[in-house]
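Written out below as structure tokens is the structure these notes cover.
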Amino acid sequence: MSIPAAYQRYEDALATGDMAALAAALHPAVVWHQPGANPLSGDHVGPDAVLALLGGFMERSQGTFALQTQTRMVNGDTVATTVAFSAQRPGRTDLGMNGVDVFRIADDRIAEIWLFSTDQEAENAFWQD
């Protein structure tokens with residue numbers, strides 16, 4: 001499988017909410033580096049931890065978290081994407097910003113993910129308890 005195809009499998013599963021396909025798109029030793037200083041921040045290791053993190057986004061936003069990939073670039077085993085994401089929470093300023101997500105592919109699966117947001121401070125405030 002090509003690097004773009006491995007990434008596309010992940011993106012398609014995320015877009016459709018197919019958690020079984022999403023887990024299958026993740027390497028068994030996947031590491032998701034969630035930036036910031038909020039309850040969702042930190043390194044999430046393994047498919048179960050990544051799925052729990054994504055569930056945390058949905059739970060805290062009452063199902064409103066949305067992510068749209070704008071551009072995708074491939075260099076070797078790495079895929080970089082520009083994204084726009086948004087979410088709403090009662091009593092909070094709506095979250096809506098851009099970011100860059102970087103994926104390392106190994107063995108035809110997502111092996112490592114780094115995320116960058118345009119305003120980490122605002123994102124931290126949004127996800128805080």
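Note that the coordinates shown come from a computational prediction; the quantities given were computed from them, not determined experimentally.
Residues L95 and F85 meet the side-chain proximity criterion, which asks for heavy atoms closer than 4.5 Å. You'll find the side chain of V74 reaches within 4.5 Å of the side chain of P4, heavy atoms only. Between V83 and V100, every side-chain heavy-atom pair lies at or beyond the 4.5 Å cut-off.
A donor atom on one side chain and an acceptor atom on the other are not found under 3.5 Å apart for S61 and Q88. Side-chain N/O atoms of T82 and T71 include a donor and acceptor closer than 3.5 Å.
By the neighbour-count criterion of 12 heavy atoms within 6.0 Å, atom CD of E59 is sparsely surrounded, having that number or fewer from other residues, nucleotides or ligands.
Annotation: the span from D94 atom CG to M97 atom CE amounts to 11.0 Å, rounded to 0.5 Å. Here R89 contributes atom CZ and Q128 contributes atom CD; the two are 9.0 Å apart, rounded to the nearest 0.5 Å. Between atom CG of residue D108 and atom CD1 of residue I3 there is a gap of 7.0 Å, rounded to the nearest 0.5 Å. The OG1 atom of T69 lies 7.5 Å from the CG atom of D101; values are rounded to the nearest 0.5 Å.
Judged by distance alone, with hydrogens and angles left aside, the side-chain atoms of D119 form a donor-acceptor pair with the main-chain N or O of A122 at under 3.5 Å. With hydrogens and angles disregarded, no donor-acceptor distance shorter than 3.5 Å links the side chain of T81 to the backbone of R72. Judged by distance alone, with hydrogens and angles left aside, the side-chain atoms of R9 form no donor-acceptor pair with the main-chain N or O of I110 at under 3.5 Å.
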task = Test W32 against L26 for side chain to side chain contact (heavy atoms under 4.5 Å, CB included), laying out the working first.
result = CA-CA 10 Å; W32 181 300; L26 299 172; 5.8 Å; no
When you look at M73 and V79, which way does the side chain to side chain contact (heavy atoms under 4.5 Å, CB included) test go after all the steps?
CA-CA 6 Å; M73 298 149 276; V79 177; over 6 Å; no
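Residues passing the salt bridge (Lys or Arg N to Asp or Glu O under 4.0 Å) test with R109: none are found, sequence neighbours excluded. Residues satisfying the ring pair (Phe, Tyr, Trp, His ring centres under 6.0 Å) test with Y10, not counting sequence neighbours, are Y7, F103. With sequence neighbours left out, the salt bridge (Lys or Arg N to Asp or Glu O under 4.0 Å) criterion links D129 to R60. Scanning for side-chain hydrogen bond (donor to acceptor under 3.5 Å, both in side chains) contacts around R104 gives E112, with sequence neighbours left out. For Q68, the side-chain hydrogen bond (donor to acceptor under 3.5 Å, both in side chains) criterion is met by no residue, not counting sequence neighbours.
Taking hydrophobic clusters as Ile, Leu, Val, Met, Phe, Trp and Tyr residues chained together by side-chain heavy-atom distances below 4.5 Å, W127 does not share a cluster with W114. One hydrophobic cluster, built from ILVMFWY side chains closer than 4.5 Å, holds both I113 and F65. Note on L22: it clusters hydrophobically with L67, by side-chain heavy-atom contacts below 4.5 Å among ILVMFWY residues. In this structure, V102 is not a member of the same hydrophobic cluster as V31, with clusters built from ILVMFWY side-chain heavy atoms closer than 4.5 Å.
Of all non-hydrogen atoms in A6 and I105, the two that sit nearest each other are CB-CG2, 3.7 Å. Residues R92 and A125 come closest through the heavy atom pair NH1-O, 3.0 Å.
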Check residues 35-58 and write down every donor-acceptor pair under 3.5 Å in which the side-chain atom is one partner and the other belongs to a residue at least two apart or another chain.
unit_1 : atom_1 : unit_2 : atom_2 : d
N38    : OD1    : L40    : N      : 2.8
N38    : OD1    : S41    : N      : 3.4
N38    : ND2    : S41    : OG     : 3.2
N38    : ND2    : N124   : OD1    : 2.9
S41    : OG     : P35    : O      : 2.9
S41    : OG     : G36    : O      : 3.1
S41    : OG     : A37    : N      : 3.3
S41    : OG     : N38    : N      : 3.1
S41    : OG     : N38    : O      : 3.4
D43    : OD1    : H33    : ND1    : 2.7
H44    : NE2    : L40    : O      : 2.9

